[in-house]
Structures are given as structure tokens and as C-alpha cells.
Amino acid sequence: MGLTAIDLGLRGATSGVFLLIILVALLRRATGQHALLGMAMSAGGVFYAVATAPFFPKSSWWWVLPILSAQPAVFWLWARAAFDDDFVLKRWHGALWLSIVAYGFAITLGWSHWPALAGAGGRVLALATLVLALAAAVQTVKTWGADLVARRRRLRLAMLAINVVLIAAVAVAGFAAIPVAVPGAPGSLPTAFGLFVVAMLAGLGLFSAPAVAVDDATAAIASDDTRKQARIADRAAAGRVAIDPILLRRLDHLMTVERTYRQEGLAIGALAARLDVPEHRLRQAINEGLGYRNFNAFLNRYRIEDAKVALSDATQREVPVLTIAMDAGFQSIGPFNRAFKAETGVTPTEFRREALTPPETDCDPGISQPRREIG
């Protein structure tokens, strides 16, 4: 009974933290896809903590299991939105979640009539769970190097690792046709502890956001475009080291004068080596000094401005768009087109056509112009 009391206590604390996260998001009127998916993840955490608790009635598992089986899809989408600043939630993502829920219901309802077929369907669902968990892990590793937000970099791997372990446990149980953490099962307490750690990490990530202010001295040395994005933490209140203005000037010189952004495959480590500063200092300078959350977004701003100048140049009218993109530092046409349209609202070809089209004159052709007198 002692272990059961600890189990129930951890699950109660977990549910409280997740519900608090949802409440804070609602009070902040957060409507972004990251916030919505975060609330869905938190609601799923509450549901999972309650549904897998000791003494939860087994008769309810016919409708509980299908919903729990779709949580990996929610987690994958949350990982995409949390770690990829360019991610856009689409309708087929919702259709994927509904399909998994419907498939789970079909397996659960068919268990009593076709146990062999339902068992095979459960293993397919477990395989899908593993694929989604792996996709979330790949997304985290893929975007980790370019992430400039120190707090997000510290929390993402720990939280992801614990979530992946939990999802993998569910998937392995599905392969073995054994429910995970059913009432009274030996795995219930470890599951409760894992959920509690996940909830605490999620709460820490939400409630430890630093205050943000604008440092006029640093913003003054930035260009017009980057000045609008300057977001520097209030060092006096937070007790943090101020961003070095000299470092920002040197960085601006590398970007605007030497055009280092054109270097193929430029990574933040190589840029830090050029500036002879530790990588974490450069990350902090770009994030807190210039307001960028992602290193690629920082580079793309300069690259797109470079491409806009070339596309507006009449002497380069016949130069292919791909050549202009690669000269600016992009490695392929696809990312260039997506980044350019996200920045300008039009494709590079449309931008070039509008830039090179001569302006229409207001002169009425029906009215004769005064003849110039000679002599």
C-alpha cells in the first residue's frame, strides 16, 4: 500500500502540473500552434496519468486505449512545433491523429471476436508508435545545433529522452500484447515517476522564461532590419552578463562587409572560430542581442537580402534563380524558395518580375506633348 500511495501521489502531482500549464496557456490566450499542441500534450499527460493509475477500472480500457495510442502522434507534432520554428500545422496532421484513434478503436472492439487479427493490428500500432518516437528524436537532433535559445537547448534533450522512453515502453508492450501499467502492474510506479519528471520539466520550461527588454546601446549598432528584432534580457534585474557591443560590431562586419553568410555549409561553430569567441557566447549574442531563435534564420536574413538585390538588378536578368540562390549561400532551390516566400510573401520569380517591370506613366497618349522648339 505504501508504494501504491506514492504512485497515486506522483500521478496527482503530475496531473496538477499539467493542468496548471493548460490554465496558464489559457490565461495568456495563447493561440499559436506550439501552445495548442502543448496544451494537447498536457491534457494527454493528465489522461495517461489517470488512466494507467492503480484501481482504474479495466472495463474502461476499451475507449481509453485508442486515445492513449494516439498520444505519440501528438508528441511528434509538439516536437516539430517546439524545435522547428518554421513548422506549420496542416490538416493532414489532424487526419493522422484521427486515423490512429479510429484504428485503435477498431483493434479494441475486435479483440473479443478476432483476437489473432486484433493482436496483429496492435503490433502494427506499436510499430507506428516507435516510428513516431524516432521521428521526434530525429527532429530534436536535427535542429539542436542551430538552436540559439539556451533554455530550450538545455531542456529539450532531457524532456525528449524521457518522453521517448515512455512511448517506447508503450510500444514494446504492444508488441508483446501486454498492457503497460495496468492497475496493479509492476510498471505502474516507474511510469508515474517518469510522468512526474516530464511534467516538472514542462513546467520548468514554461515558468522559467526570462524577462525581456531592449538594450538601446546594443540596438543602436545593429542594422535597420536587425534593430527591429533586438530583444536583450534585462541584465540588471536578471544578474546576467551584458552582450558585448564590440562582438556585435564584429559580427555585423563579417555579415555585411565580408559576406561570410555566403560560405557553403556555414555552422555557428565555424563562425565562432572566425570571431575567436566561445560558441556559447556567439549563440547568446545572436539570440539576446539580435533577437534570433535559430542560426539558420539569422543567416537567411542576410542571404535573402543579397538575393533580393541580385533579382532586382537588370544586368542579371538572365541569371538563373538557382545561381542567385547558391551565390547567396543557399545549397538548393527548395529551401531558398520557402525562405524567400516566407520573408517577402512572393516567390523569387514573382519578385524579379515585379522589380524589373518598368513603372507605368500617367501620361495620357491621347494628349499631344508640347513640341520642343529649336533655335
Side-chain angles (χ1 to χ4, degrees), residues 80-81 83-88 90 139 142-149 218-231 247-275 279 282-283 285-360:
R80 292 289 308 275
F83 305 142
D84 183 359
D85 295 324
D86 296 327
F87 173 74
V88 177
K90 298 182 180 179
Q139 178 63 38
K142 179 182 177 182
T143 57
W144 184 79
D147 194 353
L148 299 176
V149 184
T218 307
I221 68 170
S223 62
D224 290 339
D225 290 331
T226 57
R227 186 182 304 136
K228 297 177 182 179
Q229 300 186 20
R231 297 290 186 271
L247 174 58
L248 290 181
R249 290 193 185 96
R250 293 172 60 201
L251 177 61
D252 183 68
H253 183 272
L254 278 181
M255 293 293 108
T256 58
V257 179
E258 299 186 24
R259 298 182 179 182
T260 308
Y261 57 85
R262 290 184 169 186
Q263 179 180 328
E264 182 178 355
L266 179 63
I268 192 167
L271 188 59
R274 287 282 303 273
L275 292 167
E279 185 176 318
L282 181 58
R283 289 181 184 274
I286 298 175
N287 175 231
E288 299 181 15
L290 301 177
Y292 290 94
R293 296 168 56 85
N294 185 279
F295 182 64
N296 293 329
F298 166 71
L299 292 180
N300 286 349
R301 191 63 178 268
Y302 290 96
R303 290 169 174 171
I304 291 173
E305 289 300 321
D306 192 320
K308 287 167 64 176
V309 172
L311 292 170
S312 303
D313 187 356
T315 63
Q316 301 187 52
R317 182 189 298 269
E318 303 301 326
V319 177
V321 173
L322 175 59
T323 302
I324 291 177
M326 299 191 73
D327 287 344
F330 288 92
Q331 299 182 21
S332 61
I333 192 65
F336 170 65
N337 285 336
R338 289 191 294 270
F340 193 94
K341 188 168 184 179
E343 176 70 22
T344 65
V346 295
T347 66
T349 302
E350 293 170 343
F351 180 88
R352 168 182 268 179
R353 183 170 56 250
E354 294 175 2
L356 297 181
T357 300
E360 297 181 359

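In this text, all values refer to a predicted model and were calculated from it rather than measured experimentally. Just so it is clear, the values below take in all heavy atoms, side chains as well, and ignore hydrogens, waters and symmetry mates.
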For residues [X] and [Y], report the shortest heavy-atom separation together with the two atoms involved.
{"X": "A285", "Y": "L247", "value": "CB-CD2, 3.8 Å"}
{"X": "N287", "Y": "Y292", "value": "ND2-O, 2.9 Å"}
{"X": "F336", "Y": "P348", "value": "CE2-CG, 3.4 Å"}
{"X": "I324", "Y": "A310", "value": "CG2-CB, 3.8 Å"}

>> Has Q263 got a side-chain atom pairing as donor or acceptor with T260's backbone, closer than 3.5 angstrom?
In response: no
>> Looking at R250 and L275, would you say the former's side chain and the latter's main chain have a donor-acceptor pair under 3.5 Å?
In response: yes
> Do any pairs count as a salt bridge (charged side-chain N to carboxylate O under 4.0 Å, His left out) and have a residue in residues 325-342, sequence neighbours left out, and if so which ones?
Replying inline: none
>> Using a strict threshold of under 4.0 Å (side-chain N to carboxylate O), is an ion pair present between K308 and E343?
In response: no
> Quick one: are M255 and L299 in side-chain contact, heavy atoms under 4.5 Å?
Replying inline: yes
> L271 versus L251: any side-chain heavy-atom pair under 4.5 Å?
Replying inline: yes
>> Once rounded to the nearest 0.5 Å, what's the spacing between atom CD1 of I304 and atom OH of Y261?
In response: 11.5 Å
> For D147, which residues count as a side-chain contact (heavy atoms from CB on, under 4.5 Å) partner, sequence neighbours excluded?
Replying inline: V149, R152, R153, R156
>> R262: which residues meet the side-chain contact (heavy atoms from CB on, under 4.5 Å) condition with it, sequence neighbours left out?
In response: R259, D306
